2 protein chains.
Amino acid sequence: MLSKKTKYGLKALTYLASVGTKEPVQIAEIAKHENISQKFLESILLTLRRNGFLGSKKGKGGGYYLIKQPEDIQMTSVMRVLEGPIAMVPCVSLNFYEKCDDCPDENKCSVHKLMLQVRDSALEVYRNNTLADLIS
Amino acid sequence: MLSKKTKYGLKALTYLASVGTKEPVQIAEIAKHENISQKFLESILLTLRRNGFLGSKKGKGGGYYLIKQPEDIQMTSVMRVLEGPIAMVPCVSLNFYEKCDDCPDENKCSVHKLMLQVRDSALEVYRNNTLADLIS
DNA sequence: TCTTTATCCTATTAAAACCATAGACTTTGT
DNA sequence: ACAAAGTCTATGGTTTTAATAGGATAAAGA
């Protein structure tokens with residue numbers, strides 16, 4: 001299941017991209033428009049900022065804004081930051097690889113074989129979608 | 001993340017397919033061979049039996065065995081039974097559809113749009129793989 | 001019939017992850 | 001100075017996951 005964190009994060013990014021302004025947008029506005037708990041959204045926007053997707057401005061007239069062009073924001077990087085590994089199993093993860101405790105030989109493992117295909121297919125989707133593609 | 005339940009279930013199915021016998025295989029043997037907690041595996045095999053993948057025999061010489069040919073067991077059905085919905089979000093699920101509380105219009109939702117593609121790509125992988133394909 | 005072997009079933013628990021809220025702080029603009 | 005907004009930490013509640021405990025049931029064989 002997709003976490004609420006990722007879901008809300010994606011919606012917030014989309015909203016910021018759709019307003020298309022350089023002006024900061026306040027958390028409250030995003031939360032209201034997308035029906036998201038404001039406090040929770042707060043922490044999500046914070047991690048998006050820390051990971052280089054958003055900029056922020058404090059104080060009156062402050063808020064969050066996109067740092068890059070929507071066309072330059074790939075879903076692969078957004079998903080990795082918000083949701084974590086794209087692979088369903090650490091032993092097929094490109095960025096978060098871990099060996100399985102059980103499983104003496106990955107190459108003979110049926111789960112490995114299947115999940116490798118699933119990862120590749122998901123990766124293809126995420127690579128083919130930028131933030132700009134999500135705005136219809 | 002793939003749950004251990006699914007992982008173990010897949011491994012157990014693969015093992016049963018690979019021994020390729022009609023003779024029942026005992027839980028203990030599967031558990032030992034695949035490094036799985038026996039008690040946990042017990043409950044997994046039980047749900048696999050209840051969902052028509054396995055047959056069982058009680059008492060001495062008992063155990064579990066595949067009911068169908070490995071070629072006839074699609075990963076779509078295995079995944080749905082063990083892991084649940086294939087979609088990452090209920091609003092794009094074929095078999096477990098649910099409307100989102102937030103989100104007034106699915107067709108305009110960026111998350112919906114993206115996750116629809118992810119679902120389709122995963123589905124294609126699962127449809128193209130039977131249990132037989134996982135045995136190398 | 002009795003014993004052994006193995007599945008069947010329910011309940012419970014321990015740990016982890018997830019979602020959300022509270023509240024104090026810091027910064028900024030006026 | 002003051003109000004508006006992001007920053008940060010901590011905490012609590014709920015749900016899910018993984019595993020365990022303990023017995024009930026059924027089959028096979030002596």
Side-chain angles (χ1 to χ4, degrees), chain A residues 1-12 16 23-32 34-51 53-67 81-85 88-90 96 98 100-102 111, chain B residues 1-12 16 23-32 34-67 81-85 88-90 96 98 100-102:
Chain A
M1 279 284 281
L2 196 74
S3 67
K4 300 260 183 184
K5 182 178 169 187
T6 304
K7 185 181 176 187
Y8 295 165
L10 281 172
K11 286 195 167 194
L16 286 174
E23 293 302 298
V25 180
Q26 294 158 24
I27 297 178
E29 180 182 333
I30 307 175
K32 194 174 178 187
E34 299 294 336
N35 292 308
I36 303 173
S37 145
Q38 176 165 344
K39 271 295 191 180
F40 191 28
L41 180 59
E42 238 179 78
S43 67
I44 296 168
L45 295 177
L46 207 49
T47 79
L48 284 173
R49 196 214 50 164
R50 286 181 177 141
N51 283 279
F53 295 101
L54 300 179
S56 66
K57 206 182 159 202
K58 285 187 179 182
K60 199 168 189 175
Y64 282 96
Y65 51 91
L66 284 179
I67 275 186
V81 162
L82 291 175
E83 189 73 6
M88 293 184 77
V89 117
F96 303 83
E98 266 179 72
C100 293
D101 304 341
D102 50 320
V111 178
Chain B
M1 279 284 279
L2 197 73
S3 66
K4 300 261 182 183
K5 182 179 169 187
T6 304
K7 185 182 177 187
Y8 294 165
L10 281 172
K11 285 197 167 194
L16 286 174
E23 294 302 299
V25 180
Q26 294 158 26
I27 296 177
E29 180 183 334
I30 307 175
K32 195 175 177 187
E34 300 293 337
N35 293 307
I36 304 173
S37 146
Q38 177 164 344
K39 271 296 192 180
F40 190 27
L41 181 58
E42 231 179 270
S43 66
I44 296 168
L45 295 178
L46 206 50
T47 79
L48 284 174
R49 195 211 50 164
R50 286 181 177 141
N51 283 279
F53 294 100
L54 300 178
S56 67
K57 203 181 159 199
K58 284 185 176 183
K60 197 167 190 175
Y64 283 96
Y65 52 90
L66 284 179
I67 274 186
V81 162
L82 291 175
E83 190 74 5
M88 293 183 78
V89 118
F96 302 83
E98 264 179 74
C100 294
D101 304 341
D102 50 321

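So you know, we letter chains A, B, ... as the sequences are listed, proteins then strands, and number each from 1. Predicted, not measured: the structure shown is a model, and the values here were computed from it.
The nearest heavy atom of DNA chain D to B:Gly61 and to B:Glu83 marks one nucleotide each, and the one closer to the 5' end goes with B:Glu83. Residues B:Tyr64 and B:Gly59 each lie close to DNA chain C; by heavy-atom proximity, the contact nearer the 5' end of the strand is made by B:Gly59.
Atoms CE and OG1, on A:Met88 and B:Thr6 in that order, are 7.5 Å from each other to the nearest 0.5 Å. For the atom pair CG of A:Leu54 and OH of A:Tyr65, the computed distance is 9.5 Å after rounding to the nearest 0.5 Å.
Minimum interatomic distance between B:Pro24 and B:Gly62 (heavy atoms only, all atoms of both residues): CB-C, 3.6 Å.
Whole-Å rounding puts the A:Lys60 NZ to C:dT26 C1' distance at 17 Å. Counting to the nearest Å, the P atom of D:dA4 and the CD atom of A:Glu42 are 16 Å from each other. The nearest whole Å value for the distance from the CD atom in B:Glu29 to the C1' atom in C:dT7 is 15 Å. With rounding to whole Å, A:Leu48 atom CG is found 14 Å from D:dG6 atom C1'. Rounded to whole Å, atom P of D:dA19 lies 17 Å from atom CG of B:Leu46. Computed from coordinates, the A:Lys5 NZ to D:dT15 P distance equals 21 Å when rounded to whole Å. Rounded to an integer number of Å, the gap from B:Lys11 NZ to D:dA18 P is 14 Å. To the nearest angstrom, P of D:dT17 lies 11 Å from CG of B:Leu2.
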(request) May I have the step-by-step check of side-chain contact (heavy atoms from CB on, under 4.5 Å) for A:Cys100 and B:Lys7, ending in yes or no? (result) CA-CA 11 Å; A:Cys100 293; B:Lys7 185 182 177 187; 3.6 Å; yes
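Taking 4.0 Å as the cut-off between side-chain N and carboxylate O, A:Lys32 and A:Glu29 do not count as a salt-bridged pair.
Applying the 3.5 Å distance criterion, the base of D:dG22 shares a donor-acceptor pair with the side chain of B:Lys39. Evaluation of atom-type donor-acceptor distances gives no pair under 3.5 Å for the side chain of A:Lys57 against the base of C:dG29.
Residue A:Tyr8 places at least one side-chain N or O closer than 4.0 Å to OP1 or OP2 of C:dA20. OP1 or OP2 of D:dA18 has not a single side-chain nitrogen or oxygen of B:Ser37 nearer than 4.0 Å. Between C:dC8 and B:Arg49, a contact under 4.0 Å exists linking OP1 or OP2 to a side-chain N or O. Put simply, A:Arg50 has a side-chain N or O that comes within less than 4.0 Å of OP1 or OP2 on D:dC8. For D:dC8, neither phosphate oxygen OP1 nor OP2 lies less than 4.0 angstrom from any side-chain nitrogen or oxygen of A:Ser43.
Taking the side chain of A:Lys4 as heavy atoms from C-beta on, and the options D:dA18, C:dC19, D:dA28, the nearest nucleotide is C:dC19. Taking only side-chain atoms of B:Phe40, from C-beta outward, the nucleotide of C:dT26, D:dT20, C:dA6 with the closest atom is D:dT20.
Within 4.0 Å (heavy atoms only), A:Ile27 reaches sugar-phosphate atoms of the nucleic acid but no base atom.
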